[in-house]
Amino acid sequence: MLKCNINGVDLEVPEGTKLIEAFLKAEQKIAHYCWHPGLSVAGVCRLCMCEIEGNPRLQIACNTEVQEGMVASNQSEKVKETVRWGMDFHLINHPLDCPICDQAGECGLQEQYMEYGQYTPSMAHAKVKKRKVVSLGSKVVLDSERCILCSRCVRFTDEVTKTHELGIFNRGDKSEIGTFHDKPLENKYAVNTVDICPVGALTSKEFRFKQRVWYLKDEKTVCPGCSTGCSVKVYHNQEGLFRVKPEYDAEVNEHWMCDEGRGVFDWVNRQNRQSYSVNAENMEKPSSSELKLILTAQQTVEEYESLFEYLKSSNKKVEVYYWKNNPDKFDDFDNLLIRGDKNPNTKGLLETAVKHDITLNPFSGFDGFESFEGDIWFILPENKAVYPLYEQYVEKALKLENNLTIFAVPKVKVDKTKKNISILPLKTYFEKDGHFLNFNGLKRQLKPGPLQVSSALALNEWVSFVKSDDFGDQVDLLSKRKSEGFRKKNEMTQTGGGL
Amino acid sequence: MSVEVKRKDQNQSWLLPSVLSGMSLTFGKMWGNLFNRKKMPTLNYPEEKYEYGPRFKGNHVLTVKKDGSLRCTACMLCATNCPADCITIIASEHDNEEVEKFPIHYEIDILRCVFCGFCEEACPVDAIRMGPEWQSPALNGGSFVYDIRHLAFRSELRGGIESRLDDAERHKAGI
Amino acid sequence: MSKAIESKLLTEYYDDPHYMSFEGYTKRKGYEVLKKAFKMKPEEIVAEVKASGLRGRGGAGFPTGVKWGFLPKNDKKRFLLCNADEGEPGTFKDRMMMEKAPHQLIEGMIISAYAVNAHKSYIYIRGEYTDCLRIVKEAIDEAYAKGLLGKNILGSGFDHDMDVYSGAGAYICGEETGMISSLEGLKGQPKLKPPFPAIQGYLKFPTIVNNVETLAAVIPIIEKGADFYKSLGTEKSTGTKLFSVSGDVVQPGNYEVELGTPLMDLIELCGGLKPGRSLKAVIPGGSSAPVLTADECVDATMDYENLSAKGSMLGSGAVIVIDDSHSMVDLLTVIMHFYHHESCGQCTPCREGTGWLEKLVKGILKGSGRVEDLDLILRVANNMKGRTICALSDAAALPALSFVEKFRLEFEQHIRTQSPVRERETTSHA
Amino acid sequence: MAFILKDEDKNFVLEELKRYESKYSAIIPSLFRIQKKEGWISAEAVSVLSEVMGLPEAHINEVLQFYTMFNKEPVGKLHVQVCTNVSCAMNGGRELAKKICQKYQVKEGAVSQDGMITVTRVECLGACDKAPMMQVNDKYWEDLTQESAIQILEDLKQKVVG
């Protein structure tokens with residue numbers, strides 16, 4: 001450990017720490033654009049200037065390693081003046097189209113201008129014109145004029161994905177980010193470039209113009225897209241969920257996530273959900289003593305616990321079937337984040353099953369079910385897109401004559417005259433409490449966010465209903481629970497501003 | 001604290017003179033208005049309508065460019081700034097990359113509006129203005145929600161408001 | 001004032017047209033010094049160069065021996081690079097050296113490589129010098145054929161390979177790390193320092209980068225000893241230097257003189273100013289060096305210390321003489337255009353600042369400028385200086401600062417005559 | 001017009017790949033080779049080169065766009081590059097460039113109608129003692145006057161036509 005002093009704050013940092021990291025660790029403000037903790041040092045924005053004792057020249061903190069006893073500060077007027085001018089140099093050719101720009105509200109330039117801005121612009125000449133609204137591929141749009149050439153995106157494709165699609169072409173103030181014309185930015189991690197872009201130069205086609213970011217709240221959660229279990233932030237408001245961004249997690253995904261995972265918000269939105277229960281009273285009737293249960297690894301450990309406990313205590317003859325997505329691609333891994341196992345909690349399911357001494361039979365369709373007379377519980381996966389046989393199995397299930405209970409997040413279309421089928425809406429990962437175990441057994445906690453479908457319950461909550469005596473009343477109550485009104489509230493005026 | 005009580009003097013106890021002076025004023029005006037209609041301060045609403053000054057802040061108008069397209073860029077600053085939360089905008093991608101973003105849906109719930117004018121002030125491109133129109137009658141609730149058709153293309157409006165603004169002309173005029 | 005004489009240490013035989021061939025070169029004692037060097041230990045050569053006080057001739061003037069001493073003391077792979085990407089406006093000495101005496105460069109490089117124990121070297125020649133490329137390439141082939149390159153050179157047990165690499169038109173590749181980037185096949189953008197090239201340079205190997213003239217100057221140092229070399233020039237600026245004199249002199253060209261020669265003598269050596277003209281200014285070290293006014297020129301001597309004391313620098317030794325027929329506004333526009341054109345675009349202050357400066361100066365030239373713009377130029381330039389990875393932003397800022405500061409009257413005059421209306425406006429504000 | 005890399009050029013590229021310590025170093029020589037053959041470097045050429053060299057297109061394009069000596073657009077048979085930096089500007093380099101443009105009725109950077117001449121202004125070419133100067137294709141022409149420059153170009157034009 002090295003001792004150093006940052007703006008008068010004494011702290012100890014491990015060897016090899018960059019000065020800028022020490023600044024951030026000491027909770028000192030320091031302007032920066034090009035430096036990103038997950039990428040190599042470029043040192044081109046020249047904003048993280050600081051004074052180091054014993055060095056007459058200002059140094060950039062991102063390319064300086066902390067030395068024993070180093071005393072650094074960025075409080076002097078000289079540094080502040082330099083940073084103000086550094087900001088100005090960034091802005092002289094930057095178009096002021098914040099109103100149109102999707103990044104407005106979370107833009108590095110806006111934020112840092114508040115702190116380090118010059119406020120009296122002295123540039124009175126025509127700005128350099130560059131290309132606008134350039135499609136870099138199916139997911140990302142580029143606006144060269146807004147780009148400050150921090151090179152984060154280029155370094156990302158060079159260092160993280162190693163796909164090398166992006167480059168900075170030309171030189172001087174004509175430099176532009178771009179792809180080579182017949183090789184667009186198409187990789188499975190492309191939208192990360194949008195996240196790391198400190199300005200609005202790169203925007204995501206999916207999220208573009210859907211919402212202004214200040215209308216959104218974020219909720220930290222775990223991506224249920226595959227067994228990697230990246231930590232993510234889900235952005236939502238009363239109208240629903242709008243996007244997912246990665247959250248730093250040193251043990252799992254560091255700063256990144258895959259583009260597939262960015263789609264995990266869609267099935268949470270109420271228009272795609274089973275929003276009411278069908279024939280819930282079936283659950284109350286005395287049922288058969290035999291039960292077949294089909295499940296996937298998309299529920300939390302807590303849900304499996306309570307489910308298995310119930311099965312054990314119910315004195316029924318129970319058979320549990322475990323439905324895997326794509327069994328042949330199940331163990332794939334792309335050496336970065338994406339795994340073939342598209343369930344967030346495979347490890348959790350297997351461990352809980354062992355703990356409760358439950359045998360998991362592989363599920364491969366309803367072929368052996370014809371002679372079976374007892375009850376069937378079918379817990380559908382919430383992320384149905386990764387189950388290629390989903391539609392086929394659901395269709396088959398709906399034709400069964402057994403007393404069938406479907407626990408579903410996605411909409412299930414059912415003939416209402418069929419009294420043997422009951423459908424119970426489930427909560428998604430975004431709405432429930434509990435935890436997942438990822439592929440190597442790391443525990444990741446879910447936090448319940450705002451409920452999107454009011455009658456939805458988590459599996460463990462349904463199980464506790466089933467166990468209780470007044471199941472019917474409870475369901476009635478539940479169906480009367482009104483969906484929360486969702487008029488778009490103006491967050492800014494409500495909180496009294498605070499950009 | 002003491003209060004001084006004023007005693008009534010003799011003249012004030014006589015009511016008739018005051019009544020008569022009031023009547024003379026009333027009838028004086030009545031005759032004056034009857035025979036000199038031009039000076040009459042009231043209007044025969046709704047046949048006659050009063051035209052307010054150019055600074056009057058009535059119903060909203062969305063300004064348009066010379067080519068007839070909306071000036072609005074759907075930045076949502078008006079909606080953000082609106083204390084009554086009466087503006088709803090849905091943005092979309094424009095084919096022209098110079099425009100980039102435009103509203104495909106712009107609604108003002110005029111019954112919620114408090115006519116504070118914050119939307120006008122928030123607008124960075126002078127796309128919304130408070131106009132000379134001040135009556136907002138309608139037959140059903142839905143008609144109080146004004147959409148683009150109602151808000152824009154109002155070249156017939158008078159009262160000092162321009163609803164058609166061209167950037168080139170404005171630059172020339174030094175705006 | 002004593003009339004300066006050329007002291008031809010490097011250019012002694014340049015008049016001989018055969019000097020460029022192997023035969024011609026060996027006839028003039030070529031490759032003799034190499035034999036002498038091989039009898040010395042590498043450390044002795046480094047010590048000798050250090051003792052001679054030889055400073056980098058490319059522009060920065062960093063002591064060569066000290067630079068060599070930065071290399072890690074081990075046997076790991078390392079490279080010697082010769083910087084022949086001569087892009088500084090006004091400089092043409094390396095071109096002449098390579099065209100007239102390629103073997104001199106090769107010999108100097110072998111000695112230097114032996115001293116720093118590098119077994120591979122590259123000569124990075126700017127792409128526009130197609131003749132140089134051809135000549136040097138042929139000379140290298142010749143040297144290979146004669147056993148002066150390759151395995152076990154002259155029986156000394158020292159192996160060395162040499163190659164040329166052509167630049168492709170970028171001023172910034174004259175900066176040593178920019179050159180390393182270019183040689184690595186990247187854009188010629190300078191790299192962050194630290195780590196310095198001597199620790200991590202070409203492909204992360206320790207690398208020494210020296211100018212053509214520096215490497216050639218190693219020969220006389222080894223031949224005649226450090227003491228002799230030190231006896232030339234001044235105390236801190238030892239030896240001789242080639243000055244590329246251009247502009248308004250009668251005989252522009254390369255002149256090798258001792259360091260410390262008075263500037264006026266050097267101009268005299270070039271035949272003086274054109275008849276009927278008077279001196280207005282001199283740029284003493286390539287376009288990036290701050291300009292000297294005629295008054296400052298009088299007692300200026302061409303050495304590192306005197307010029308830096310005058311706020312300018314010796315740079316690459318490109319002396320551009322400007323007489324009273326030229327407008328300083330016009331010349332600054334040319335210089336600013338050059339730096340705007342050549343900024344690599346990496347660091348923000350330089351990328352944006354060079355463009356801004358050009359717009360400002362051009363505005364003044366074209367008549368849309370205002371007196372306030374002069375202050376703005378100073379502020380912009382001051383905030384570009386020393387804020388970037390390499391020295392290009394300094395190189396752009398320094399001439400802007402010196403031109404505007406030293407010739408402010410002329411600039412103001414220009415603004416007044418070109419844009420009288422605006423001028424009235426601004427004064428009325430004040 | 002599809003770009004085809006001839007076998008000899010391909011071999012050259014493969015040789016260059018082996019010549020330097022880093023594969024990337026072969027990019028500049030390979031681009032020069034293509035430019036020598038084609039006169040300029042097209043996007044197709046970059047694609048082909050990327051395939052032959054096994055290096056990302058974006059990287060080769062970065063290098064191509066960075067250096068000024070690579071022609072990203074077709075140029076005339078005589079590529080006239082007139083130096084307009086300080087020393088040459090002081091001796092009439094800019095006027096020379098303008099004069100040549102006028103004479104051949106061609107805009108700077110564009111190709112003249114007969115496909116013969118492209119005039120570009122370039123930065124210092126290192127011949128400041130013989131200013132003004134120009135480089136026509138690879139060759140330097142120094143100590144010019146407007147008349148002598150035109151004369152030289154006329155002669156060269158004759159040679160090309162002949």
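Everything numeric in this text was worked out from a predicted model, so none of it was measured. Values reported hereafter were calculated over all heavy atoms of this structure, with side chains retained and with hydrogens, waters and symmetry mates removed. Just so we're on the same page: letters track the sequence lines, and every chain starts at 1.
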- Option in D:Val122, D:Leu55, D:Asn85 with maximal non-hydrogen atom pairs under 4.5 Å from chain C: D:Asn85
- Task: Work out which heavy atom in C:Tyr129 is nearest to a heavy atom in D:Gly126; give both atom names and the distance.
- Result: OH-CA, 3.4 Å
- Message: If you compare all heavy atoms of C:Leu186 against all heavy atoms of D:His59, which two are closest, and at what distance to 0.1 Å?
- Response: CD2-CE1, 3.3 Å
Based on non-hydrogen pairs under 4.5 Å, which of [options] is most in contact with chain D?
{"options": "C:Gly87, C:Gly90, C:Gly253", "value": "C:Gly90"}
{"options": "C:Ser166, C:Gly345, C:Ser287, C:Ala318", "value": "C:Ser166"}
{"options": "C:Cys173, C:Gly188, C:Gly127", "value": "C:Gly188"}
{"options": "C:Gly247, C:Ala168, C:Ser244", "value": "C:Ala168"}

Between [X] and [Y], is any pair of side-chain heavy atoms under 4.5 Å apart?
{"X": "D:Phe66", "Y": "C:Cys344", "answer": "yes"}
{"X": "C:His341", "Y": "D:Thr68", "answer": "yes"}
{"X": "C:Ile335", "Y": "D:Val86", "answer": "yes"}
{"X": "D:Glu123", "Y": "C:His337", "answer": "yes"}

Does [X] have more than 12 heavy atoms from other residues, nucleotides or ligands lying within 6.0 Å of its [atom1]?
{"X": "C:Lys137", "atom1": "NZ", "value": "yes"}
{"X": "C:Lys274", "atom1": "NZ", "value": "yes"}
{"X": "C:Lys120", "atom1": "NZ", "value": "yes"}

- Do C:Tyr165 side-chain atoms and D:Ser25 backbone N/O form a donor-acceptor pair below 3.5 Å? yes
Non-hydrogen atoms of chain D under 4.5 Å away: do they reach the side chain of [X], the backbone, both or neither?
{"X": "C:Lys93", "result": "neither"}
{"X": "C:Cys270", "result": "neither"}
{"X": "C:Glu88", "result": "backbone"}
{"X": "C:Ile320", "result": "side chain"}
{"X": "C:Val321", "result": "backbone"}
{"X": "C:Tyr171", "result": "neither"}
{"X": "C:Ser325", "result": "neither"}
{"X": "C:Glu86", "result": "neither"}
{"X": "C:Ile172", "result": "side chain"}

- Item | Contacts of type side chain to side chain donor-acceptor pair (under 3.5 Å), residue C:Asp85, not counting sequence neighbours | none
[atom1]-[atom2] distance between [X] and [Y], expressed to the nearest 0.5 angstrom:
{"X": "C:Asp131", "Y": "D:Lys139", "atom1": "CG", "atom2": "NZ", "answer": "7.0 Å"}
{"X": "C:Thr333", "Y": "D:Arg94", "atom1": "OG1", "atom2": "CZ", "answer": "7.5 Å"}
{"X": "D:Leu125", "Y": "C:Phe92", "atom1": "CG", "atom2": "CZ", "answer": "13.0 Å"}
{"X": "D:Tyr20", "Y": "C:Asp163", "atom1": "OH", "atom2": "CG", "answer": "5.5 Å"}
{"X": "D:Ser87", "Y": "C:Asp248", "atom1": "OG", "atom2": "CG", "answer": "9.0 Å"}
{"X": "C:His326", "Y": "D:Asn91", "atom1": "NE2", "atom2": "CG", "answer": "6.5 Å"}

- Query: Relative to chain C, which segment of D:Glu62 carries a heavy atom at a distance below 4.5 Å: side chain, backbone, both, or neither?
  - Reply: both
- Quick one: what part of D:Ala89 sits under 4.5 Å from any heavy atom of chain C, side chain, backbone, both or neither? side chain
- Determine, for D:Asp129 against C:Arg95, whether the closest basic-nitrogen to carboxylate-oxygen distance falls under 4.0 angstrom. no
- Does any donor atom in the side chain of D:Tyr67 or C:Ser182 lie under 3.5 Å from an acceptor atom in the other side chain? yes
- Query: Do you know which of C:Val334, C:Asp323, C:Leu331 makes side-chain contact (heavy atoms from CB on, under 4.5 Å) with D:Met90?
  - Reply: C:Leu331
- Show your reasoning for whether side chain to side chain contact (heavy atoms under 4.5 Å, CB included) applies to D:Glu21 and C:Phe205. CA-CA 11 Å; D:Glu21 282 79 6; C:Phe205 292 110; 5.8 Å; no
